[in-house]
Amino acid sequence: MNLKILWMYHDLMDLYGDKGNIQVLKTRCEKRGIECTVDTCTIGEQRNPDDYDLFFLGGGADREQNLIQQDLFARRDAIETAMDHKTAFLLICGGYQLFGKYYKDQDGKMVDCLGFFDYFTEASDRDHRCIGNIAVKVHMDGQEFLAVGFENHGGQTRNVTTTFADVLSGHGNEYKSAKEGFLNDQVLATYMHGPLLPKNPKIADLVIQRALKKRHQDTELKPLDDTWEDEARHVMLQRLGVKEEEK
Ligand code: GLN
């Protein structure tokens, strides 16, 4: 059994260590004897998203989002085919925004996005930028658990039909909002940098299971020793004053 990851715009969309998510997925697969191959793809390079089990796109400042927008747009049909064939998606922040209807930047410039989902993003004024550590209660694939991350986005994402988590501390989709991210049975899109996965191994394993589902039956993953990962999350939850009995 193997897992094939397509890492998009690795050189441009990689804010706050989003590359760490790739390392976590690779390590957690290999510890279970699952071969994990990662191909990068940046502007002008040819890769077929449907050849992969997981499509990963990290975050980026407005400048980088504008730099990749045309190239990403040109790939829309190929991405849609991959989505139709059950590829899993992990989208972080700017990557999350680009799969919605549009992104209106601070100068009021409208950036067309891929329009796969009905949510849209509008930049806030400086007083309402969403910055800081975040703690959430995740509702994903029949599981509920606490997770932590770091967010830094001016974009306020609205009209999100199915969200990823409830905000316990921090902002989420909008300034001081109660909800974070977008989730359906293939796509996890979130504002949580950090990177997201090292302190949240349950999310990492659910993403791996979603990706494996494209070419394999439902896969039980053998438990790993997550002592360090859980302790790192515990420290941040404590720092944010989030009680863990809310699991
Ligand atoms: N440029 C976008 C915003 O400011 C996304 C930022 C990010 O990816 N952290 O909302």
Side-chain angles (χ1 to χ4, degrees), residues 6-22 24 40-43 55-73 79 89-136 147-160 163-165 167 169-183 187-200 203 207 236:
L6 180 60
W7 179 10
M8 295 301 296
Y9 310 109
H10 63 292
D11 53 342
L12 290 163
M13 297 292 280
D14 179 34
L15 273 187
Y16 306 110
D18 292 335
K19 64 165 66 76
N21 294 316
I22 296 288
V24 167
T40 57
C41 179
T42 193
I43 293 174
F55 180 104
F56 174 73
L57 176 52
D62 289 13
R63 177 182 169 280
E64 282 72 18
Q65 279 174 278
N66 288 328
L67 279 176
I68 70 164
Q69 197 253 352
Q70 262 194 319
D71 185 88
L72 181 64
F73 237 76
I79 293 170
F89 289 75
L90 177 58
L91 311 171
I92 308 290
C93 202
Y96 169 15
Q97 296 171 343
L98 288 165
F99 270 59
K101 288 168 80 169
Y102 66 82
Y103 178 77
K104 187 173 170 186
D105 72 16
Q106 274 191 330
D107 305 324
K109 182 178 163 230
M110 293 287 280
V111 179
D112 279 338
C113 294
L114 295 173
F116 284 119
F117 307 112
D118 289 340
Y119 60 78
F120 56 86
T121 302
E122 299 182 339
S124 67
D125 58 35
R126 288 201 182 289
D127 298 339
H128 294 83
R129 188 168 182 87
C130 305
I131 302 180
N133 292 303
I134 179 171
V136 297
V148 296
F150 176 77
E151 59 182 330
N152 182 353
H153 53 102
Q156 311 287 304
T157 297
R158 300 180 172 113
N159 197 37
V160 183
T163 55
F164 164 53
V167 176
S169 174
H171 297 285
N173 286 330
E174 295 181 70
Y175 189 75
K176 294 198 185 310
S177 71
K179 297 292 183 183
E180 204 302 294
F182 166 79
L183 184 76
V187 177
L188 166 52
T190 174
Y191 273 117
M192 294 171 76
H193 294 283
L196 170 69
L197 299 180
K199 293 180 185 168
N200 303 299
I203 300 176
V207 169
M236 183 48 73

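One-based numbering, in listed order, for ligands and for the atoms of each. No hydrogens, no waters, no symmetry mates; every other heavy atom, side chains included, goes into these values.
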Write out each pair where an N or O from ligand 1 and one from the protein are under 3.5 Å apart, with the distance.
unit_1	atom_1	unit_2	atom_2	d
ligand 1	1 (N)	G60	O	3.1
ligand 1	1 (N)	D62	N	3.2
ligand 1	1 (N)	D62	OD1	2.5
ligand 1	1 (N)	Q65	OE1	2.6
ligand 1	4 (O)	R129	NH2	3.3
ligand 1	4 (O)	G154	N	3.0
ligand 1	8 (O)	G60	N	2.9
ligand 1	8 (O)	G60	O	3.2
ligand 1	8 (O)	G94	N	3.0
ligand 1	9 (N)	N152	O	2.9
ligand 1	9 (N)	H193	NE2	2.9
ligand 1	10 (O)	Q97	NE2	3.0
ligand 1	10 (O)	G154	N	3.1
ligand 1	10 (O)	G155	N	2.8

Using the side-chain contact (heavy atoms from CB on, under 4.5 Å) rule, take E180 and N173 through it: C-alpha gap first, then chi angles, then the decisive distance, then the call.
CA-CA 5 Å; E180 204 302 294; N173 286 330; 4.0 Å; yes

Does a donor on one side chain and an acceptor on the other come within less than 3.5 Å for Y103 and D62?
yes

Between E174 and Y191, do the side chains contain a donor N or O and an acceptor N or O under 3.5 Å apart?
no

Are F182 and F99 near enough that their ring centres are under 6.0 Å apart?
no

Show me the donor-acceptor pairs, under 3.5 Å and distance only, between side chains in residues 113-122 and residues at least two apart or in other chains.
unit_1	atom_1	unit_2	atom_2	d
Y119	OH	Y96	O	2.7
T121	OG1	T157	OG1	2.8
E122	OE1	R158	NH1	3.2
E122	OE2	Y102	OH	2.6

Identified side chain to side chain contact (heavy atoms under 4.5 Å, CB included) counterpart of I43 within the set I68, D11, L72:
I68

